[in-house]
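Here is how names work: the chains are called A, B, and so on, in the same order as the sequence lines, proteins then strands, and each is numbered from 1. Here the structure is a predicted model, which means the values were calculated and not measured.
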Amino acid sequence: MRSDRISRKGMILAGAVAIGLWMGLAVPVQAAFPEKPVKVIVPVKPGGTIDTVARIFQKTIDENKLLPVPMAVVNKPGAAGAVGTRTVKDSEPDGHTIVIFHSGVVTAAASGVTDFDHNHFEIIAKTGEMPMGLGTAKDSSLNTVADLISGAKETPGGAFKYATNIGLPVHFLPLMVADQAGIKFGPVQAGGGVNRLNSVVGGHTKFGVFSVLDFLKYDAAGLQPVVLFAPERHAKLPNVPTAKESGYDVSWVEMRMWLAPKGTPKDRVDILAKALGDAMKAPELLKTFGELGMDATFGDGDSVKADLDDRLKRVKHIVDTVDVQFKK
Amino acid sequence: MEHFLAAFANLLTPVPFLHVLMGTAAGVFVGAVPGLTGGMLIALTLPLTFYMDSTLAMIMLVGMYVGSVAGGLISATLLRMPGTPSSIMTTFDGYPMARDGRPERALGIGIGASFVGGITAGVILALLSPPLSRWATTFGPWEYFTMTLMAVVLIASLSQGSMMKGLLSGVLGMLVAMPGLNPADGQLRLTFGFHTLDAGFKLLPVLLGVFVMSQVIKEAVNILNRPERVTMGQASVFLRLSEWRRHWVNLLRSSVIGTFIGILPGVGSSISSMVCYATAKGTSKNPEVFGTGSEEGIVASEAGNNANVGGALVPLVTMGIPGSPIDAILLGALILHNLQPGPLLFINNPDIVWAMIDSYLLANVLMLIIMLFAVRIIAKVMYIDRVFLLPTIFVFCMVGSYSLGSSFFDAAAVIGFGILGYCLERAKIPLGPFVIGFVLAPILERELRSGLMLSDGSYLPIVTRPLALIFVSVSVALLLYPVITEKWRKRRNAAKQA
């Protein structure tokens with residue numbers, strides 16, 4: 001009986017010690033990040049550029065063990081990216097759910113589609129850039145920005161039309177040029193890159209905004225670049241002037257950026273940013289970037305935030321002064 | 001031509017060939033099983049192709065399309081039950097022939113007619129599409145708007161049953177397309193504050209619901225119904241070429257009519273086969289045999305519905321406008337694979353377009369071989385018990401819709417649209433116009449709003465642009481035609497009585 005009791009007491013004691021030890025061990029283990037797979041929400045359909053970029057990062061990070069846990073890419077498309085970005089905004093801010101997107105987060109907020117912008121997130125980093133520019137049909141007589149401006153002067157009041165995807169950066173860039181030139185361009189909704197291409201090449205609109213990749217891909221279809229909204233000329237399109245050279249201070253380099261929910265601890269954001277930055281040194285990733293026509297530039301959260309703040313200000317200026325469509 | 005040949009050479013390499021073969025065989029089988037339709041198969045396969053190579057995915061889906069329309073012939077003949085809706089007309093003559101002890105001959109004629117219809121349409125597809133797509137690049141928003149409008153009216157007025165019900169179904173489909181991000185001004189609408197609705201109802205859940213889940217419900221409700229059946233005898237399904245001699249006019253006429261009805265946007269194979277059947281009956285020397293086992297009837301119906309498949313691919317690959325409800329799924333497949341449908345598809349992705357066109361021709365050849373040699377096997381296995389089939393399909397529906405956007409809302413939407421589709425069918429409201437309306441409403445709206453942006457708010461281009469004027473006039477005529485003929489008939493009847 002006695003020995004029984006002792007042994008029971010001993011067992012309880014041993015159990016308590018064990019639990020204590022386990023807890024003691026467990027606390028630092030739990031604090032380690034990441035402890036479970038990092039879910040990357042891609043707010044577009046499978047197959048697009050953002051999706052491809054997300055997946056090449058997933059592959060590179062997993063294969064080179066840049067994070068101790070696997071990454072899981074989940075597509076949540078819809079409403080021009082608003083569905084997926086909103087999901088992440090409302091997720092647990094523990095660094096295990098993040099989103100990859102582009103500067104549409106700023107234009108969507110400015111045009112009132114979403115009630116949140118980049119300030120509702122912790123910005124992890126930007127990985128990769130792609131300059132945007134204006135393009136016209138090769139068989140048109142519009143070969144420079146000056147041609148577009150004088151065209152708009154000849155047909156005033158917004159009768160000089162451009163193909164666009166309303167609410168996204170491609171909608172606002174021509175309006176920024178027009179604002180500085182003191183003229184009006186009329187937006188015509190076309191949709192994604194190919195739809196804008198069709199509208200421009202088919203002669204229904206005079207010009208549209210396209211990415212460097214679009215210019216390279218749609219050369220055969222009859223698209224020509226007129227100007228790039230980049231700080232300097234692009235290596236693959238050396239003959240295309242920048243907006244600054246043409247006399248307009250408009251710059252908009254599209255980027256792929258990674259966001260975490262607001263309140264995600266700084267050290268976790270840094271761990272993720274480091275993994276992304278390291279992944280960008282991998283040769284297979286750089287090869288994919290080359291195929292996508294993207295420049296492999298990396299930028300940390302603070303620099304991206306300053307950039308996005310500036311873009312939001314510029315787009316808001318357009319929404320407030322030029323484009324009346326979004327005034328409620 | 002070089003694209004055509006290059007794509008064909010590629011199709012004959014093992015991997016693409018196997019995909020077309022797999023698709024066609026699956027299509028024939030599903031088409032033959034009563035209660036399973038080609039639309040069902042293609043909608044269910046779509047989520048499985050997300051991570052497949054786009055070309056392989058598209059050629060497999062085209063194979064399924066061809067196979068399923070042809071496969072419907074088997075159950076139409078042996079069970080008097082169309083395996084797919086497009087074989088309804090075949091039941092009228094195929095089953096009586098089978099019952100009279102000639103099932104092999106009925107099947108042989110149907111198979112041959114399907115093949116000729118398919119190949120004729122394939123040739124027209126390959127010849128007509130490139131120039132049409134070049135012409136279509138000059139189409140602006142107004143042309144697209146009026147053409148799409150015509151498609152909506154066309155499908156409503158030509159669909160089975162009354163025109164009012166067709167229109168009702170089309171309008172319901174359009175309403176379902178309304179919530180979500182408004183493409184024309186980038187604003188959310190009709191989401192009632194539910195963020196799950198920000199993206200609206202997606203195509204795949206709607207398709208799976210209307211095409212698949214509604215049929216699952218219908219079959220589950222009628223699970224105890226067992227159709228009468230005719231078993232095949234020993235006679236051969238192979239017909240001697242000389243036996244085709246008296247059918248060749250009918251064959252060719254039905255194939256061409258079927259193809260061109262297919263090209264009309266929005267009109268499916270059932271209507272094609274009806275028109276061909278009616279034409280064959282109208283021009284036949286023995287119209288009284290139609291409906292009691294006429295070989296001519298089978299030829300017209302089967303050549304017509306298979307030719308329709310090829311015709312319906314024309315507006316899909318040249319303009320991005322679905323030629324039939326199943327093409328609406330193929331359109332969705334192109335978009336899911338990030339291939340923007342439209343006239344520039346021929347320039348930007350010639351490999352894909354030509355692979356689709358060539359796979360259509362190849363699938364017809366494979367269909368002929370599969371049907372001729374495996375018809376006996378298919379005729380045996382098509383009685384597969386629905387008790388095993390329906391739960392499997394249900395699970396595939398749920399998994400497929402969830403995988404699209406990792407959202408339970410989509411899975412719930414499938415069930416919701418399934419119930420809606422079942423109720424609509426019970427009320428004899430056709431489902432084709434619903435899907436077409438759902439797919440075309442965003443196109444209609446986008447093009448109209450673009451057009452208005454171009455013209456600064458003026459509707460005048462509808463009448464000043466010649467093509468737009470033609471399309472609108474045809475739409476109006478189609479709407480008024482039934483009303484006017486009704487009036488004439490009444491007047492004539494009144495005159496007779498007086």
| Among B:Leu454, B:Thr137, B:Thr138, who wins on heavy-atom pairs under 4.5 Å with chain A? | B:Leu454
| message | To the nearest 0.5 Å, what is the distance between CD on A:Gln189 and CE on B:Met453? | response | 6.0 Å
| Nearest non-hydrogen partners of A:Ala190 and B:Ser450, listed with the distance | N-OG, 4.5 Å
| query | How many angstroms lie between CG in A:Asn198 and CZ in B:Phe139, if you round to the nearest 0.5 Å? | reply | 11.0 Å
| request: Would you give the length of the straight line joining atom NE2 of A:His204 to atom CH2 of B:Trp142, rounded to the nearest 0.5 angstrom? | output: 13.5 Å
| Region of A:Leu168 that comes under 4.5 Å of a non-hydrogen atom in chain B | neither
| note | Residue from A:Thr87, A:Leu197, A:Val201, A:Thr164 scoring the most non-hydrogen pairs under 4.5 Å with chain B is A:Leu197
| message | How about NZ on A:Lys153, more than 12 heavy atoms from neighbouring residues, nucleotides or ligands closer than 6.0 Å, or not? | response | no
| field | A:Lys161 vs B:Asp456 side-chain heavy atoms within contact, under 4.5 Å | value | yes
| query | For atom NZ of A:Lys287, is the number of surrounding heavy atoms from other residues, nucleotides or ligands below 6.0 Å larger than 12? | reply | no
| request: Pick one of side chain, backbone, both or neither for B:Ile347, based on which atoms fall under 4.5 Å of a heavy atom in chain A. | output: side chain
| Do the side chains of B:Arg446 and A:Asn195 get nearer than 4.5 Å, heavy atoms only? | yes
| message | Need one label for A:Ala108: side chain, backbone, both or neither, based on atoms under 4.5 Å from any heavy atom in chain B. | response | neither
| request: Inspect the surroundings of CZ in B:Phe4 and state if more than 12 heavy atoms from other residues, nucleotides or ligands are less than 6.0 Å away. | output: yes
